[in-house]
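Chain letters run A, B, ... following the sequence lines, proteins first, then strands; residues in each count from 1.
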Amino acid sequence: MIIESNNINIRQIAESGQCFRMNEIKQDTFSLIAYGRYLQLKQLDDTAIEISCSGEEYELIWKDYFDLSYDYNRIIQKLMKGKDDFLKKAGDYGKGIRILRQEPFEILISFIISQNKNIPSIKKCIEGICNRYGEFKISEEHYKMGYYAFPTPGRLANAKKEELRELKLGYRDEYIIKAAQAIHEGRINLDQLKACSHEEAVTALKTIPGVGDKVANCISLYGLHHIEAFPVDVWINKVLNEVYQNSFDVEQYQGYAGIIQQYMFYYMRSLK
DNA sequence: ACCCAGGCCTGGA
DNA sequence: TCCAGGCATGGG
């Protein structure tokens, strides 16, 4: 089925560093594994994508996943009318980005892995985990394409350190197991954190070893959809230092700073 | 060989 | 409270 929007660009989303299982499989066509499903997305033009699922499945899952009820154009227009030159360029450059509503547990583990790694390396590690611990599935709708879902908390909670080391996760092995156990044993309830405030969520997430301020903000933004989160990584740090001389005022964008952060990140990386 | 990657933890000022 | 060094691994 076709989705029309002035603010949806699959390539930009796939390259925006918020999701790690979206890949280009042929020109302008991307695969995606999420919520235990396999999907293909084709960019038709600047204002439309084709999504390989029924209208029913779209309404049930993907409309929400791509955050299609939110008006990103309103944010872009606000930036265009403002006087922040960098954000004008960044907004124009990344106006097809949206903040996905991804599975909280997958995001928790993915961003624990992300520390001190580049994006290609993060992707490799996540695929390794899925291949080793995820459920193997077959998509009848895609010529019986086989794929692995992201593993459940229970499967990862019972993983062995040595196994994870084989997957080249390095010192993150223990972090991953501890995090999965916290979820599996119910000490941390991610759905509950979705319902409470961003600040409370970050505080709770930081009790998990291997989750510091940056990773907690990423989980809050990408996994819990607290779009006021503002994760500061090396790239955003570069923006804050070099572009704003450490005088950027996040408060101007209160309530949706995470979207602004995403435009900054995507644009700054394009400059190198 | 060195440096960096969507950082975090620990120990010592 | 702030900072330095260490931490696994792969790629430039």
Determine the interatomic distance between C1' on C/dC3 and the same-named atom on B/dG6; round to the nearest Å.
-> 22 Å

Quantified in whole Å, what is the P atom distance between nucleotide C/dA8 and nucleotide B/dG11?
-> 15 Å

Assign A/Tyr266 to base, sugar-phosphate, or nothing according to its heavy-atom contacts below 4.0 angstrom with the strands shown.
-> nothing

Hey, does the side chain of A/Arg172 come within less than 4.0 Å of C/dA8's phosphate (OP1/OP2), counting only N and O?
-> no

Measuring from A/Asn217:CG to A/Lys214:NZ, what's the distance to the nearest 0.5 Å?
-> 9.0 Å

The reported gap from OH in A/Tyr35 to CZ in A/Phe150 (rounded to nearest 0.5 angstrom) is 13.0 Å

Ionic contact status for A/Asp64 with A/Arg101, cut-off 4.0 Å | yes

Are A/Lys117 and C/dG11 close enough that a side-chain N or O sits under 4.0 Å from OP1 or OP2?
-> no

G-U wobble or Watson-Crick pairing nucleotide for B/dC9 (cut-off 3.5 Å, both distances) | C/dG5

Partner of B/dC3 by Watson-Crick or G-U wobble geometry, both contacts under 3.5 Å, or none?
-> C/dG11

Using the C1' atom on both, measure C/dC2 against B/dA5 and round to a whole Å.
-> 24 Å

Taken in chain and number order and not counting sequence neighbours, the residues that satisfy side-chain contact (heavy atoms from CB on, under 4.5 Å) with A/Arg132 are A/Arg155, A/Glu163, A/Leu167

